[in-house]
Amino acid sequence: MDTQILWFASRATGAVSLVLFTAVMVLGILTAGRAGVAAFPRAAVLRLHRTLSLTAMAFLVVHIVSAIADGYVDLNYWDVIIPFGAGWDPFWIGLGSVAVDLMIAIGITSALRRHLSPTLWRAVHFSAYAMWPLALLHGWGNSGGDGQETWMIAIDVVCVAAVLASLAYRLRPDRHPDSLARRTAKVVHPVRDIGGDR
Amino acid sequence: MTATQFDIGSPALNFVIGHAMPDPYATDRLLPEGRSPSLADHLARLGAMPRATSAQLAQLLEAAGLLGRGGAGFPTGRKVAAVAAAVAARRLPGVVVANCCEGDPTSLKDRVLVERSPHLVIDGALHAAEALGADRVVLAVHDDSPARFTLVAALLERPQTSCEVTVVEVPDRYIASEATALVRYLNSGDARPAGRLVPIWETGVGGRPTLVANAETLAQLALIARFGPAWFGAIGTPAEPGTCLVTVGGAVRRPGVVEVAHGTPLASVLGRAGAPSTGWALLGGLAGRWVDLSATAGVGFSTAELAAAGGSRGVGSIVVLPPGGCVLGETARILRYHADAGARQCGPCMFGLPAIAADMTALGSGDRGALDRLRRRLPVINGRGGCGHPDGAVALAASALAVVTTREGGHLHQHLTGGRCQAPPFVVPLDVAPAPRAATPRRPAGSAFIDSRGRRS
Amino acid sequence: MITRSRTEVTLRVDPIACRAHGLCAEELSEAITLDEWGYPILPSGPLPPELVRRARAAAAACPVLALRLEQRRR
């Protein structure tokens with residue numbers, strides 16, 4: 001097989017993965033922000049978020065496997081999950097490895113969501129806010145060559161803009177009646193014992 | 001009466017045979033006449049507490065048919081058995097919480113019981129703790145309640161036990177004394193109910209099996225442990241043996257707490273408070289039902305009989321309205337209280353209760369549409385809250401609607417046309433301030449009567 | 001005679017966790033409706049078997065996992 005194909009495949013699927021993961025981030029942020037319209041209700045936003053996350057993971061697998069199988073650069077399978085130890089471009093590849101680790105954690109906890117505590121699931125899922133920028137930086141800084149191309153920078157800018165825009169939507173003040181109603185005083189007092197102690 | 005005249009139950013149960021039993025036919029079991037609440041007098045009257053294992057205690061309570069006196073009426077024997085099973089299965093010591101809080105403002109019985117017989121309540125709590133292998137007993141009272149000093153003083157009179165016994169102050173809110181709210185408060189300081197399915201008998205205070213029992217329930221438990229199910233059931237009804245405490249208030253001459261045998265006709269209970277057997281009364285507390293006293297005069301005071309007559313036992317309080325009293329207006333007030341008293345943690349409570357409170361108020365002001373809104377909303381809110389609080393409010397509202405649309409149609413017409421009625425001032429107490437002192441009452445001979453401040457009269 | 005054991009599936013919601021997102025009603029509109037304030041009204045008895053798969057989707061759609069399926073073998 002012409003190894004160039006694997007190399008191009010890795011570069012292409014890398015870019016596509018980034019775009020897909022950006023879409024997943026945006027949809028996730030919108031779901032949390034209660035976004036939905038009659039034509040595309042909230043349940044649909046959530047479903048698309050989940051479906052695209054699987055698609056993005058598929059593209060990511062191709063990106064990783066083709067990079068390693070290509071053999072041109074010194075990458076092993078364990079470099080995928082153990083960061084900063086690769087023979088080639090350890091730092092920038094390492095960023096990608098950290099992102100992969102976080103993605104695996106997010107994926108597993110989401111698959112087992114019913115059986116985990118909601119707090120644990122939410123905490124791990126929140127690390128997506130670390131995973132996505134790491135993926136973006138990995139794509140920008142790695143020595144594969146495309147990171148500095150104008151078209152790739154343009155894609156990066158659009159991705160960042162999309163996430164920032166969704167965050168702006170997400171971080172608007174929460175005026176949902178349920179949130180407002182819950183904000184009134186909790187019936188909390190420090191537990192005081194008075195006397196009678198033995 | 002000496003012990004030999006009764007079947008004192010299974011020989012395996014260690015009843016206090018040496019001490020003379022109190023007269024089983026007297027109704028002053030919990031609130032004895034002419035006694036101070038000192039430990040010496042308490043032991044002189046009743047003798048020492050026996051010991052029991054959890055199996056024996058559960059069996060004993062089952063045989064005695066003791067039902068919880070906090071409002072839910074759950075069989076205490078089953079509750080103890082459940083906690084005991086969890087203690088055995090999880091191999092953890094249990095915790096006993098004596099609920100002396102009494103969040104319902106219409107009820108004064110636990111307050112009075114603790115003032116008059118603190119040692120009986122503590123006896124019950126410690127006995128249950130010993131049976132369940134508990135190493136911690138909590139006596140829960142509301143902030144600023146005088147009961148806390150009485151309990152501390154009573155504890156200081158008693159000998160040391162291996163159990164850690166503490167008096168804990170709980171925020172003075174209606175829902176803070178709900179069982180799961182108490183447990184949650186003791187665990188984290190957050191006094192809101194934790195949810196209907198939380199098994200506090202398995203995982204309660206400190207994650208340990210916890211028994212939460214009303215003060216009166218524990219006091220009755222202490223009597224059953226000493227004198228047995230046969231003595232306990234000598235008065236009362238077969239389904240509900242023994243006595244209970246009833247708070248009578250509102251437009252009555254001698255408001256306060258009385259101890260009656262289950263099955264005592266309502267007219268007789270009311271008579272001891274100087275209340276007539278006519279007019280409307282709220283039975284069961286703020287989550288209770290409205291009854292027409294003239295129709296229910298002969299109904300016996302017990303959970304089953306009151307329910308059959310369209311009433312409710314609830315927390316065992318009766319608030320009598322004055323002649324011409326407005327059920328609609330009182331209910332609107334109570335619903336507004338319920339709306340404020342919610343824990344703010346579930347939709348039906350946060351939105352449903354204020355909505356029906358507004359509807360009932362609007363109905364009183366003449367809004368006909370409010371009737372339809374109430375009829376639509378009440379079944380929607382019922383049963384969907386995080387605890388029983390919205391259900392109680394819904395039941396009260398439904399009871400009020402039934403009254404004003406059927407029996408008091410003329411009165412409702414007054415509201416719908418004039419927007420108000422000629423009712424006298426409201427009487428249902430909605431804060432926990434003690435009732436104003438009644439004029440010096442003439443105490444009928446032979447009654448055991450404690451006024452609302454816990455004073456003998 | 002062969003008796004088949006069925007598994008009965010009932011929908012349950014934790015009212016305290018529920019934040020009125022309403023995704024459950026979108027996923028299973030035949031069985032779940034929202035009250036006027038946005039909180040779910042669930043059917044009282046077990047679900048008909050043809051709705052169970054969609055009920056699982058509804059429970060999975062809840063962002064706070066307030067909706068659960070309760071299974072009982074009959």
Side-chain angles (χ1 to χ4, degrees), chain A residues 24-54 106-126 128 166 169-170 174-184 186-188, chain C residues 5-74:
Chain A
V24 171
M25 279 294 289
V26 166
L27 288 165
I29 293 170
L30 290 178
T31 302
R34 296 183 189 256
V37 292
F40 204 70
R42 303 188 45 206
V45 175
L46 181 59
R47 277 190 183 245
L48 190 58
H49 167 78
R50 289 175 173 167
T51 312
L52 280 186
S53 68
L54 296 175
I106 292 170
I108 292 179
T109 50
S110 291
L112 298 175
R113 193 167 163 248
R114 272 185 313 157
H115 309 286
L116 299 173
S117 89
T119 331
L120 173 65
W121 176 84
R122 174 171 267 114
V124 174
H125 217 77
F126 210 73
S166 0
Y169 170 80
R170 173 78 175 95
D174 187 356
R175 294 263 180 264
H176 191 271
D178 179 276
S179 311
L180 290 175
R182 280 176 199 267
R183 256 176 239 154
T184 48
K186 288 201 317 181
V187 191
V188 180
Chain C
S5 73
R6 303 184 321 272
T7 314
E8 278 186 347
V9 175
T10 319
L11 283 169
R12 296 262 182 257
V13 68
D14 176 357
I16 296 175
C18 177
R19 288 285 199 276
H21 285 271
L23 279 81
C24 54
E26 287 177 14
E27 289 280 3
L28 195 61
S29 47
E30 291 88 340
I32 304 178
T33 50
L34 298 178
D35 68 17
E36 62 188 280
W37 305 288
Y39 297 88
I41 303 175
L42 304 177
S44 46
L47 287 166
E50 62 268 18
L51 288 181
V52 170
R53 238 192 75 215
R54 310 243 321 273
R56 285 193 210 287
C62 179
V64 291
L65 282 178
L67 186 70
R68 303 269 184 170
L69 266 59
E70 189 184 84
Q71 319 224 44
R72 224 176 339 177
R73 190 153 281 265
R74 289 301 221 102

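Naming convention: chains lettered A, B, ... in sequence-line order (proteins, then strands); numbering from 1 in each chain. Not measured: the values here are computed from a predicted model.
- Within the 4.5 angstrom heavy-atom criterion, no atom of A/Pro177 approaches chain C.
- Within 6.0 Å of CZ in A/Arg170 there are 12 or fewer heavy atoms belonging to other residues, nucleotides or ligands.
- Residues A/Arg34 and C/Ala20 share a closest heavy-atom pair of NH1-O, 3.1 Å.
- Nearest heavy atom pair, residue A/His176 against residue C/Arg19, reads CE1-O, 4.0 Å.
- For the pair A/Arg113 (side chain) and C/Ala60 (backbone), a donor-acceptor distance under 3.5 Å is present.
- Using a 4.5 Å cut-off between heavy atoms, C/Ala58 makes no contact with chain A at all.
- A/Leu46 contributes atom CG, which lies 9.5 Å from atom CD of C/Glu26 (distance to the nearest 0.5 angstrom).
- Proximity to chain C (any heavy atom under 4.5 Å) is shown, for A/Arg42, by both the backbone and the side chain.
- Crowding of A/Phe40 atom CZ: a count of heavy atoms from other residues, nucleotides or ligands under 6.0 Å exceeding 12.
- Heavy-atom distances place the backbone of C/Cys18, and not its side chain, under 4.5 Å from chain A.
- Of the possible polar contacts, none joining the A/Arg114 side chain to the C/Arg68 backbone as a donor-acceptor pair under 3.5 Å is found.
- Across all non-hydrogen atoms, the minimal contact from C/Val64 to A/Arg122 is CG1-NH2, 4.4 Å.
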